[in-house]
Every structure is written in C-alpha cells, then in structure tokens.
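Let me begin by presenting the structure, written as structure tokens, before commenting on it.
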Amino acid sequence: MSAEKSFELRDSGVLTFPEGFVWGAATAAYQIEGAARDDGRGPSIWDTFSRTPGKVHAGHTGDVACDHYHRYPEDVAIMRDLGLRAYRFSVSWPRLQPDGSGPVNPRGLDFYDRLVDELLGAGITPVVTLYHWDLPQTLEDRGGWTNRDTARHFADYAAIAHARLGDRVETWTTLNEPWCSAFLGYASGIHAPGRDEPALGFTAAHHLLLGHGLATAALRASGAEKVGVTLNLAPVISGDAPADRAAAEIVDGLQNRIFLDPLLHGEYPADVVERARRFTDWSFVQDGDLEIIGAPIDLLGVNYYTPQTVAAAPGEAANPVFPGSEGIAFGGADAPRTAMGWAIQPSGLTDLLVRLSRDYPGTPLMITENGAAFDDVVEDGRVRDTDRMSYLDGHLRAAHAAIEAGADLRGYLVWSLLDNFEWAEGYNKRFGVVHVDYDTQRRIPKDSARWYGEVVRRNGL
Ligand code: FCB
C-alpha cells in the first residue's frame, strides 16, 4: 500500500465510537506475572533466554516482573477505577502444564480461575490469549515450534484452559503475533528461543498456524463462543517507483500475507512460497493442514504500532527478520519516534484496517494492542505522559476514520495496562498507562490512564 492512499486524519473534534465498542487494556503473562517458580510453574523459553548472556537488556528476567501473580487484585481494582470494560491477558502454558504436555498443574489453573472471578466481580470482561510467547522449555528441548508435535500439544493445552475457564470466558485468542514467535524467535535469534536459521522461521510459522487451527477446533469442540487469533500487522509504505512498490509487496508478503492468507483464504500466498523456496521445500505442509488453519474465526486481533517503510536498495543484505528480503532498505520514515525508535504514523492504522476489510472481508476486527513506550518521568507522584496521550489520541482518531470508511472494528485494547518486561528490552522500555516502580511495586496511573478512562466513559474523544 503506498503513501498516497493514506487517509487524511482529523486532528480535532468530537468523535463517538459505535455502541457496544469494547474498551480495555492488554498484558501478557511473562511480562507481568513474575512468580516464575511459584506453585509448580515450569520453565519457559523466556526463562532460559533471559538468562542467556547478552540476549536481554541488562540481564533482566521475568522472575518478579510486576508481581502481578500476587498483586492481581490491586491491578484489577485499578482497571475498575479507570472504568475499563475488558482486559486481555495471557495464560502461561508452563503454569498450566509445566512440561507442555502431560500432567496439569492445578495450582496454575487456580490462579487464572481467581483472576477471572476478580475481573468479573469488577465488571470487566476477560479476553484470554493462550500463547503469548512463553513456550514450555521441555517442548523447546524437542524442537519447539519447529516440531509438528508442538501444535498438537498446544491444542490439548487450549482444551485444558477452556475446561476450567470456559464457563466464564467468552473470547479466546489462540496466538499472539506468530510472526514474532517464528521470525524473531527462530529465524533471527532476537527473541526466545534464540535460533537463527531462515528455514526454521518458515517451519515454525507453519506449525504455529497449525497449532492455531487445531486449538480452534479443540476450543469449538468444548463450546467456546468466540475464537480468534492476534497478528502484528503493518502497512508497508514505499515510494511509487516500480522497484519500490515491488519491495513493498515482498515485505507485505513476509510480514502480513504469510499469516493472513492461510488463516482467512486457506492458502499460502504464491509469491511468499516462491521466495522462501531457497530456504525450504515447504514439506512441513501436510495434506489437510490448510483446511485446519483456514477454519472460520470470529475475530481477528490486530496489533499495530508503526508501519514498515521500505525502498528498493540493490546490493542490500537481507534483513534477518524477513528472510528473503535482500535488496530492500528498511526504515527511514520522516516522522517523530517513540522510545523504541518506532515512527509514529497513526494513518497507518487507518490504512491497515481499511485494507483488512477490503482484502479479507467478513471477519470482525479488534485492536488487541496499540500503544507506545516513552521515557516517562515521575514528578511529585505523577507521570505527565502527554506524548503517550497524543499517541493514543492520534491512533484512536485513525481507528475511528477506519470505521467511517467501513472497517468492522469492534474494540480497542491499549498496550499496556502496566509498565512491564518488554522482552529483549527488559524493563528499560515503559509501555504502561500505569507506572510501575520495580523496587517497591508501587503502581501510579499515569495521566494517560486517567485520560483513557475518560475516553472509555464517553465512548469517544
Ligand atoms: C508486541 C507484543 C507485546 C509487547 C508490544 C510492545 O509485539 O505482543 O507483548 O511487547 O509488542
């Protein structure tokens, strides 16, 4: 999608969202729970990876994180006080099944049981993600997502979680951002488990998709009401020269269509299959897999932070997170940036949502993550994070513009409720609308949290 198709955004005015629009916040287990060895939890690939020297900023780990495992009543109370209506959290697979298959850990199930009851008691709808990157280490020792068996184990685990929580949880998301699991985790070594071969990235991507499909079937068989999956999608922006447009199409395939097409059209995009042939013969795709993967879903979760900006650059080496992307330069958008260095371009969200509605019609959308890290300062017990408020304001306006253009957008979940363990960046990057002091575990709602609560109350801006 090229730049000239971007929608004009209004920069002021009152906007109201559709009735019943879901408003909330999101987190993930390894990033907030801590209690890494409590109550029978098994080790995950992130426990191992964060202990591998040089992998995570300053050697940070999720051992304690926000101690949410013990402080969840306080965190739920904060959401209630802010008026949030929905909370997306992830279940830790190694807490439920310490080895990823076999025996179930009842104390792990008890924790999510208590959390769900606490949420419902506060009038907050739980939205469950089953896999937000914390693969049980025992499964990784057998190849992790490069091993087809992991997909089957994932479906068993989904059924275990649903059997305990399904009477109170309506919305189930199988995977969070399988692109990251596959290409940051197995192709480029940036995330756990830190493997770095292009072929493994494509193999893992397929087994993640298969895991999604098998888990979807298992969830449906146990009576789950709404099943979906969350992808990290990015519009790919380029200049209009044919070579630049071709570069954008390649990256769109490697980032977006490689997941969207099998999930929503039941097939891998031909150009991506062709491009990856230099790494793999795709023999990991077996008969029947694409029917399983392409089974209908009720909701597509969209995580959006920033677009990709690319240009043709003959001679450029491939970006390791996009195997097959040689001859393409990344970055370069002339826009203000967050503390992550990510360009702030709200119009990309409008473009993305409108494009999804056009190319993949019929699947309701929910923004399951959007937000920004900034170098927050606590002054007199207050965080005046105007840059985050303006980021959120801009992206909400962009989401509204997409609805006006016909996108079937059902909700918005801010990333994140709390400052937390930002993967390879450790605690160095703060995405929360609530500040966390990691020494005292004191929570301070930032100005953006109060502002967001007001947006929720008004159902608009
Ligand atoms: C997404 C992840 C989430 C968080 C945000 C900033 O890729 O799903 O856990 O790290 O980025």
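Atoms within a ligand are numbered from 1 in the order they appear, just like the ligands themselves. Nothing fancy with the numbering, it's 1 onward along the sequence.
- Among protein heavy atoms, atom 7 (O) of ligand 1 sits closest to E177 OE1, 2.5 Å.
- The aromatic rings of Y30 and F421 sit perpendicular to each other, their planes meeting at more than 60°, with 30° as the lower class boundary.
- Under a cutoff of 6.0 Å and an axis angle of 45°, R95 and Y69 form a cation-pi pair.
- Shown in contact with W423 at under 4.0 Å from a heavy atom are these atoms of ligand 1, numbered in order with element: 3 (C), 4 (C), 9 (O), 10 (O).
- In summary, D47 and R41 engage in a salt bridge, as defined by a charged side-chain N under 4.0 Å from a carboxylate O.
- R257 and Q255 are not linked by any side-chain donor-acceptor pair at a separation below 3.5 angstrom, with hydrogens and angles left out of the test.
- Atoms of ligand 1 found under 4.0 Å from any heavy atom of N176 (numbered from 1 in listed order, with element): 8 (O).
- Between the side chains of D359 and H265, no donor-acceptor pair is found at a separation under 3.5 Å.
- Atoms of ligand 1 found under 4.0 Å from any heavy atom of F431 (numbered from 1 in listed order, with element): 6 (C).
- Closest to atom 5 (C) of ligand 1 among all protein heavy atoms lies Y305 OH, 3.3 Å.
- Taking the six-membered ring where tryptophan is involved, the planes of W46 and F49 are perpendicular, since the angle between them exceeds 60° and thus also 30°.
- Considering E369, E422, M340 only, the shortest heavy-atom separation from atom 2 (C) of ligand 1 involves E369.
- Of all the atoms in ligand 1, the ones that sit under 4.0 Å from a non-hydrogen atom of H132 are 2 (C), 3 (C), 8 (O), 9 (O).
- Heavy atoms of N232 found under 4.0 angstrom from ligand 1: none, in either backbone or side chain.
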